[in-house]
Amino acid sequence: MMAPNNRKAVTRLSLRSLKAAPMRSLAVICATVLTTLLITSIFTMVMSINKSMELAQMKTSGSDFHGSFKYLTLDQVETLKAHPAVREYGVSLMAGQLTNKVFADSPVEVLQMDKNDARHGFIRLIEGGLPVAEEEVVLSTWALDKLKIPHEPGQRVPLVIDIGERVIARDFVLSGYYEADKNLAMAGLALVSKAFTDQNLADIDPVLSRDSGSYVNTYHLSVMFNNSFNIENKLRKVLADSGLDVPYGVNWAYTATTLADNPLSVLPYLAVVAVIMFSGYLLIYNIFYISVVRDVKFYGLLKAIGTTPGQVRRVITKQAELLYLAALPVGLGSGYGVGRLLVPMLNSFSGEPMESAYSASPWIFVFAALFSYLTVRIAASKPGRMAARIAPVEAVKYAGVSSGRRKLKRSRRGARLYSMAFANILRHPKKLVLMITSLALSVVLFGIIFTLISSLDMNKYLNSYITGDFVIRNKAVVFTEGTRPGDSYKLSDGLMNTFASLEGVERADNVFYKSELYPPDAAVRAVLEPLEESLTSWVWENNFIMLDLYGIDPGWYGLVQQDLLEGSFDQAKFASGDYVLVSESLIGPERAQTYYHPGDRITYAGLGKTYEVMAVLKSDALFPATTQAFSSLGYNAFLPAAELTGALPEGSEPVMAISSTLQVTPDKLDSVEEALTSLTAGADELVLKSREDYRQELGGFIRVIQTLGYGLSFVIALIGILNYVNTVVTGVINRKHEFALLESVGMTRKQLKRVLVYEGLYNALCITAVTSTLGVLLTYTIAKSISGNIEFTEFRMSWLPFVLTVPILLIIAYTVTVSSYRMLAGNTLVERLRQPE
Amino acid sequence: MPILQIEHLKKYYGKAPQHVKALDGVSLSVGKGEFVAIVGTSGSGKSTLLHMLGGLDRPTEGKVMVDGNDIFAMSDEKLTIFRRRSVGFIFQSYNLVPILNVLENILLPIELDGGTIDQQYLDEVIRALGLQEKIYSLPSNLSGGQQQRVAIARALATKPSIILADEPTGNLDSRTSQEVLILLKQLSVKFHQTLVMITHNESIAQAADRIIRIEDGRLAGDSGPGERADRR
Amino acid sequence: MKKPKHDPKSRGSSFIFTVMFLLAVFIYTTVIALAGDLNSTLLGPTILFIATVLLLAFMHNRSLQRQLNAMMHAVEQMVDGAMHGRRPSFLFEESRLSALEHRLFRYIEINQASEQSLEAEKNSIKALLSDISHQTKTPLANIMLYSQLLAEQPAADESSRQLVSQISAQSEKLEWLIASLVKLSRLESGMITLQTAPVPVIQTVSRALSQVYTRAEAKGITIRTDCPAQITARHDPQWTAEALFNLLENAVKYTPAGGTITVHAESNEMFTRIEVADTGIGIPAAELEHIFKRFYRGKAARDYEGVGIGLFLSREIINLQGGFMQAVSAVDAGTRITVYLPQS
């Protein structure tokens with residue numbers, strides 16, 4: 001009943017303890033800052049990546065409004081936007097389509113937008129402003145390039161606008177332009193002025209144009225609500241309240257909550273946070289542990305005076321909390337900074353490049369603060385409990401009166417310093433084992449990480465993307481319904497010949513592509529029929545599976561071997577044109593299976609020929625050669641290029657050239673690159689990439705792996721060292737009285753110091769012994785199995801980490817022992833002898 | 001009514017065959033308000049006995065009853081609170097909390113108990129011990145005698161019913177010891193406290209109502225009454 | 001259990017808090033109503049929120065009050081327990097109540113200790129008194145014996161004889177004084193307990209009279225007694241007789257020859273009254289209030305023998321029995337001292 005008001009005393013004790021040990025406080029603060037920093041940066045990264053993904057989705061969807069009402073008349077717009085639930089809105093008016101010849105492939109909408117709509121629609125003008133006068137227009141840089149008009153306001157732009165009922169062809173004046181993001185939806189928008197629409201569209205009846213499908217002169221109202229919960233209901237409510245019934249759309253970027261989509265993707269981050277928390281815990285725990293052991297007498301005294309176990313515990317946890325409070329702002333601030341710095345780097349690794357968005361969500365700080373508080377609190381709780389259990393007699397007791405028997409033993413041996421030291425380290429075998437394990441583990445971890453990094457093979461990695469020095473790909477070759485506009489036949493024979501004939505090009509290897517709708521034969525049926533109906537139903541409905549046929553030039557043959565699953569690859573036989581290499585097909589998630597086996601025969605109708613299966617390859621075999629898209633239940637078949645480029649049966653679609661890979665003599669690399677750049681500049685579909693580009697990408701990847709890996713082994717090493725310090729310091733404190741006794745019977749300080757140094761050296765020796773035998777073995781097996789699972793590694797055992805750690809260990813052992821000896825040396829002998837009494 | 005009652009108290013250190021018998025079956029009873037001096041050679045177990053009386057250490061066997069309560073039947077927490085409220089300890093080596101100043105050291109037991117401070121009493125104690133000038137000094141800046149007086153003030157701060165002193169004058173010169181002793185006696189009479197003091201100084205022991213002699217962990221002599229003695 | 005009364009200060013502060021709280025709610029409601037065009041969706045939660053807050057505040061207040069009551073109850077029980085000497089109920093718990101209890105018991109302990117030491121002091125005085133009386137008895141008896149022997153010496157002349165008789169007279173006086181003092185101190189320190197019982201007063205009065213009768217007769221004083229045999233009082237006959245004797249002795253002493261002393265007893269439901277009236281020199285009004293003090297002697301009385309302890313002793317004896325004394329006097333007309341003794 002009614003807790004006593006004794007907080008003041010406990011707080012004062014905590015504060016004074018902190019003051020009395022500034023170095024320890026600093027160490028805890030550093031550890032806390034480190035923990036908070038890491039956690040905050042992780043959270044910042046997760047949230048920012050999430051936000052980047054959201055931003056990307058919104059860009060794809062075209063705006064960050066919550067939803068929109070479509071095909072409205074002006075009256076309807078006025079009614080809807082006045083609704084109280086609508087916090088913000090943007091209005092655009094459909095004004096037709098650009099029908100200039102250059103835009104034949106990719107239609108460009110003509111809109112009249114208000115400022116709000118433009119802003120939320122990611123239209124950021126690089127120069128100029130939105131159109132005001134009738135003849136003014138805003139275009140994207142992409143459209144300007146197509147029209148071959150310089151990026152500069154005031155330029156005359158001839159445009160042809162189809163407004164449904166008629167076509168307007170006239171010259172406009174460029175009032176501004178914006179950066180086009182070709183991957184996203186805003187590729188083609190032409191913005192005209194209200195004056196233009198008033199002048200030219202006033203006579204068009206929106207109801208009619210809606211029915212005709214041109215939608216000219218209909219309004220589009222985009223709205224923002226107070227929050228993004230249940231947008232559809234809000235939209236419906238607005239409609240119901242206004243008494244209107246018009247089509248509406250929910251911005252799907254809001255419904256697809258990127259991270260929540262896939263909770264598993266958060267797991268690795270959580271694992272990292274857990275590791276950080278654990279490391280932070282060990283760091284802080286060790287510091288507090290040492291301080292409690294050192295101040296046993298102090299805590300004993302507190303208990304003798306009447307500090308209850310609970311209060312002693314609170315003295316320690318309060319210290320932890322105070323230090324945590326001191327460290328928190330620094331940790332959060334710097335963590336946020338580091339996180340922001342890392343976001344672009346991480347974004348560059350994700351599949352497609354994203355614009356980095358930074359999240360400043362308060363949750364980052366709340367959770368980071370919470371997690372680091374938990375770390376500190378848990379770390380302080382065990383030392384706190386330990387201090388609480390200290391018996392009050394400790395305040396008056398002789399410290400560490402261990403047995404006299406051992407002393408006798410030692411004296412019989414004539415007290416040789418090194419043997420004395422040896423006996424000393426064997427005194428607490430459990431502690432010794434723990435310490436050796438922890439330090440040896442960090443050495444082994446370091447060794448593994450080091451070995452793995454040095455095993456990374458640049459060429460192996462590069463080969464999985466590029467076989468020559470340059471590659472020109474036609475990215476328009478994708479077998480999906482033309483979302484990527486472009487000419488699939490852009491990489492023409494003529495162009496390829498031009499490439500091949502450039503000076504310095506040693507050879508050119510081309511890849512040709514053709515898709516085939518293949519009616520399932522017996523082998524395919526045998527595999528598919530036992531499968532679930534839901535997976536295969538469309539095959540039975542359509543009676544075909546989609547195959548990708550590739551014709552490859554001999555330069556690619558060298559890559560076949562590494563992806564071989566069944567059969568063997570004979571280059572000469574393959575070149576004859578009677579054989580085919582088939583890949584496993586992807587059946588359902590995470591499952592690959594082959595329909596055929598070496599020796600089977602397959603007939604491809606599109607080629608009008610039957611081939612014998614020479615070998616079965618992995619599903620992603622020859623990845624750099626393929627379209628890098630896979631159709632479910634289909635497979636890739638590789639044939640010599642001649643099989644595709646030769647005469648094809650009547651009615652068969654012509655083959656497309658995917659890529660041309662060039663081998664260039666080293667001294668001509670620059671000139672060839674220049675030539676290729678100018679050759680491909682005109683065509684959007686063609687992408688030129690050099691080996692150097694890939695090399696740079698990999699460099700960044702390796703740097704990240706190195707940073708993470710060495711960071712991790714640093715933290716682990718730090719923990720190991722702290723453990724070591726912990727053991728040594730407690731050992732020395734516990735033997736304080738014993739040392740004083742030894743000194744009083746004639747052991748000089750120098751000798752004492754030497755005993756301690758010997759002990760340290762023995763420890764280091766033990767660790768070296770363990771790491772050089774067991775450690776090396778462990779490192780070898782683990783590193784080898786890991787590198788076996790990573791594509792582009794060539795296992796190379798590195799001895800460096802093991803050799804390097806020996807002097808480091810020796811230095812640590814020496815400094816730790818010497819500084820713990822100094823701790824003793826402060827007091828005079830008499831003081832030390834009588835102190836414990 | 002006895003305030004302290006010790007029954008067959010034993011304390012052995014170490015393991016069975018070679019254990020050191022610090023206390024070997026001591027039974028004793030101390031009345032309320034008594035001033036008891038415990039004497040004995042060093043290593044005789046007198047300090048151990050004193051530690052047991054205050055619940056600093058747990059015995060191997062036997063009971064210590066304070067005011068009818070078996071203190072070793074209490075939990076660690078209760079035992080600590082008992083010590084805080086009912087026992088004032090004065091150690092030979094002062095044992096002041098080094099990180100707190102004189103006033104904070106004196107107030108610590110009261111504040112730990114969450115009690116309000118009896119300012120009048122506190123002033124009286126501080127004045128009686130001549131510490132007015134030093135209350136904001138740290139223990140490390142005080143002489144031995146001053147530190148011992150702070151320790152006494154701390155022991156008296158909670159007005160405990162028992163004061164246990166382990167050679168309180170051991171580190172003091174003879175004049176200061178005399179002063180400290182007189183002070184202790186006066187204050188303990190004033191607040192009706194039972195005073196148990198270890199000493200090897202015979203003249204100090206003479207000042208006690210009763211002298212108990214401990215030899216080799218056993219009671220070797222008891223000069224006075226077991227029940228309360230009239231003191232004037 | 002009684003409801004603790006609010007003191008005006010706390011009532012005032014709680015009134016201020018209530019007003020401030022209601023004001024805050026009012027302002028909040030107004031702001032919401034004015035700023036947010038009060039639509040129905042917002043109104044519902046707002047009212048619910050305010051109602052919840054009010055309810056919670058009320059419940060919190062109630063629980064605080066209950067806690068306070070429980071606390072007071074515990075404190076009252078604790079104090080009651082301590083008064084009846086019960087053992088502490090909390091015993092070394094980490095709570096304020098336990099700490100308070102500890103202080104209370106410590107206070108009681110210190111009080112008991114000082115009470116005990118007072119008791120001890122009293123006892124030592126008792127012992128001292130009995131020592132004095134004991135130790136003076138023998139020398140005094142010897143002095144008297146030797147002075148008698150001296151008086152019987154044939155060789156002594158008249159003046160020596162006169163000195164000797166003075167010595168024995170003073171010794172007798174000393175003996176009486178000491179005897180009186182011892183009696184007094186025994187009475188005061190409670191060493192002697194009076195054996196009171198409801199018995200007839202006639203015997204007691206006769207006993208006292210018998211000791212002064214000869215002296216009165218020698219002085220030619222008439223003693224009249226009016227004491228019905230059926231009158232009783234709760235008293236100790238022996239000590240009451242002593243008290244009455246002192247009164248009678250004074251009466252004889254201060255009444256001139258040929259005077260009259262009247263002893264009159266009567267009783268009502270509560271008290272029995274014994275009156276001793278004389279026709280002596282009387283006491284001046286100014287001195288009347290001092291006559292019961294120890295060693296007090298009136299101006300007029302200085303010519304007479306005596307130490308001024310008789311009346312004091314009498315009053316002590318009567319007081320101890322639960323009775324009291326009154327004195328009425330007029331100079332040269334006589335004094336009437338009345339003793340009231342309880343009936344039961």
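These values consider heavy atoms only, across backbone and side chains, with no hydrogens, waters or symmetry-generated copies. Each chain gets a letter, A, B and so on, in the order the sequences are listed, and its residues count up from 1.
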Could you measure the distance from the CD atom of B:E167 to the CD1 atom of B:I38? Nearest 0.5 Å is fine. 11.0 Å

Against chain B, work out which of A:R16, A:R389, A:K19 has the most heavy-atom pairs shorter than 4.5 Å and name it. A:R16

If one checks every heavy atom of A:L301 against chain B at 4.5 Å, the contacting part turns out to be side chain

Region of A:L15 that comes under 4.5 Å of a non-hydrogen atom in chain B: neither

Test ring pair (Phe, Tyr, Trp, His ring centres under 6.0 Å) applied to B:F72 - qualifying residues, sequence neighbours left out: none

Chain A contacts, top residue of [options] (heavy-atom pairs, under 4.5 Å):
options: B:L100, B:I81, B:V87; value: B:L100
options: B:T158, B:I99, B:L107, B:L79; value: B:I99
options: B:D76, B:I110, B:L56; value: B:L56

Close side-chain approach of B:I214 and B:R218, heavy atoms under 4.5 Å: no

A:R24, CZ: over 12 other non-hydrogen atoms inside 6.0 angstrom: yes

Under 4.5 Å from any heavy atom of chain A - which part of B:R154: side chain

Using the test side chain to side chain contact (heavy atoms under 4.5 Å, CB included), find all partners of B:E61 that sit at least two apart in sequence or belong to another chain. B:K10

Could you tell me whether B:D24 and B:K11 make a salt bridge, using a distance below 4.0 angstrom between a side-chain N and a carboxylate O? no

